[in-house]
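Encoded as structure tokens, the structure appears first; notes follow it.
The figures here come from the full heavy-atom set of this structure, side chains too, leaving out hydrogens, waters and symmetry mates.
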Amino acid sequence: MKLAGLRSGTKRTVRRSQRIVALQAELDVQGQRSVERTRTIETKAAYATTAAAAVVAASIAILSPAWDDLTAIAPLVLAATTIVVSTRAIVPLALGVVSAGDLVARYVDDDMPLTDLQDHLLEVRKVEIEKRDGLNAERAVWMTRGFRFLSASVVALLLSAIISGIAQLEGDPYAPRGTPGPAESTIFPSSAPPERR
């Protein structure tokens with residue numbers, strides 16, 4: 001009877017160890033996926049920020065000749081908003097989990113049984129993945145908002161360019177914008193000596 005109970009306990013320990021190994025492997029895969037999602041969000045948010053900077057530059061180029069084309073203000077404001085919103089998705093993650101160095105320092109000489117240590121490490125890994133996924137979901141919302149503002153700023157920039165082009169066509173289409181009209185000829189008085197060559 002005692003031998004049967006010992007064998008049963010050993011089988012449970014072996015099965016539990018196998019489950020822990022399988023769970024560790026799965027958490028490693030889930031952790032890698034979570035890290036990849038983080039990188040994807042950061043890359044897309046950085047793209048939106050860069051594209052918004054280009055819209056800002058184009059808006060300033062339309063606006064700058066004499067500050068008379070105020071339609072370029074809308075894409076400028078929308079692009080600046082895109083930069084602010086997208087930057088929220090690039091802010092470094094602060095997971096607040098135990099670092100690898102702290103884990104080693106705490107448990108390398110501890111008398112904790114191996115199964116308890118494995119349980120604890122699984123829990124630490126699970127918490128890290130949950131926190132990362134939660135922050136990724138929040139960052140994804142900011143990234144999506146950034147792309148919406150970017151789209152609006154590009155549309156506003158196109159409309160501003162069209163309006164600016166139409167405004168230029170209202171005057172003389174061949175005269176550059178903002179130049180004076182034709183110069184009057186200068187008449188020299190007859191008492192002036194003729195020019196010598």
Side-chain angles (χ1 to χ4, degrees), residues 1-58 75 77-157:
M1 189 78 167
K2 224 176 187 183
L3 187 60
L6 186 60
R7 283 185 186 162
S8 175
T10 304
K11 283 183 183 179
R12 270 184 271 158
T13 303
V14 168
R15 287 183 189 147
R16 186 172 188 283
S17 294
Q18 290 171 342
R19 282 194 302 271
I20 286 175
V21 168
L23 286 170
Q24 286 173 336
E26 179 59 27
L27 285 178
D28 286 342
V29 169
Q30 294 291 329
Q32 288 299 327
R33 288 179 185 160
S34 182
V35 167
E36 191 59 37
R37 282 189 293 272
T38 300
R39 283 190 201 120
T40 301
I41 290 168
E42 288 173 350
T43 301
K44 289 179 180 180
Y47 168 77
T49 303
T50 304
V55 171
V56 166
V77 169
L78 288 169
T81 305
T82 300
I83 292 171
V84 170
V85 169
S86 295
T87 302
R88 289 286 308 262
I90 302 173
V91 174
L93 293 176
L95 297 176
V97 295
V98 181
S99 70
D102 290 342
L103 279 175
V104 171
R106 181 172 175 192
Y107 294 110
V108 73
D109 293 325
D110 199 320
D111 293 334
M112 179 186 288
L114 181 60
T115 55
D116 292 345
L117 178 60
Q118 289 173 329
D119 285 344
H120 181 71
L121 294 177
L122 278 177
E123 183 65 26
V124 166
R125 187 75 171 137
K126 179 189 78 115
V127 167
E128 175 191 350
I129 293 169
E130 287 173 348
K131 285 185 177 184
R132 181 180 295 276
D133 285 343
L135 288 172
N136 281 343
E138 181 182 327
R139 294 168 103 196
V141 168
W142 286 105
M143 180 201 58
T144 303
R145 288 176 183 164
F147 271 100
R148 287 180 182 157
F149 278 113
L150 176 63
S151 298
S153 68
V154 168
V155 168
L157 180 63

Contacts of [X] that satisfy side chain to side chain donor-acceptor pair (under 3.5 Å) - sequence neighbours left out:
X	answer
Q18	none
R39	E36
S34	D133

Any pair counted as salt bridge (Lys or Arg N to Asp or Glu O under 4.0 Å), so long as it reaches residues 45-58, sequence neighbours left out: none
Once salt bridge (Lys or Arg N to Asp or Glu O under 4.0 Å) is applied, what residue pairs with a partner in residues 108-125 remain, sequence neighbours excluded? R16-D119, D28-R125, E123-K126, R125-E128
Using residues 46-54 as the side-chain source, report each donor-acceptor pair under 3.5 Å to any protein atom, sequence neighbours left out, with the distance given to one decimal.
{"from": "T49", "atom 1": "OG1", "to": "A45", "atom 2": "O", "distance (Å)": "2.9"}
{"from": "T50", "atom 1": "OG1", "to": "A46", "atom 2": "O", "distance (Å)": "2.9"}

List the residues meeting side-chain contact (heavy atoms from CB on, under 4.5 Å) with L122, not counting sequence neighbours, and say none if there are none. I20, L23, Q24, L27
Could you work out, with side-chain contact (heavy atoms from CB on, under 4.5 Å) as the rule, every residue matching Q32, not counting sequence neighbours? none
Counting heavy atoms not belonging to R37, are there more than 12 under 6.0 Å from its CZ? yes
Show which side-chain atoms of residues 80-98 pair as donor or acceptor with protein atoms under 3.5 Å away, not counting sequence neighbours.
{"from": "T81", "atom 1": "OG1", "to": "V77", "atom 2": "O", "distance (Å)": "2.8"}
{"from": "T82", "atom 1": "OG1", "to": "L78", "atom 2": "O", "distance (Å)": "2.9"}
{"from": "T82", "atom 1": "OG1", "to": "F149", "atom 2": "O", "distance (Å)": "3.4"}
{"from": "T82", "atom 1": "OG1", "to": "L150", "atom 2": "N", "distance (Å)": "3.1"}
{"from": "S86", "atom 1": "OG", "to": "T82", "atom 2": "O", "distance (Å)": "3.0"}
{"from": "T87", "atom 1": "OG1", "to": "I83", "atom 2": "O", "distance (Å)": "2.5"}

Any side chain to side chain donor-acceptor pair (under 3.5 Å) pairs touching residues 135-144, not counting sequence neighbours? T38-N136, E42-R139
Using the salt bridge (charged side-chain N to carboxylate O under 4.0 Å, His left out) criterion, which residues pair with R19? Sequence neighbours excluded. none
Which ring-ring contact (aromatic ring centres under 6.0 Å, His included) pairs, counting each pair once, include a residue from residues 16-41, with sequence neighbours left out? none
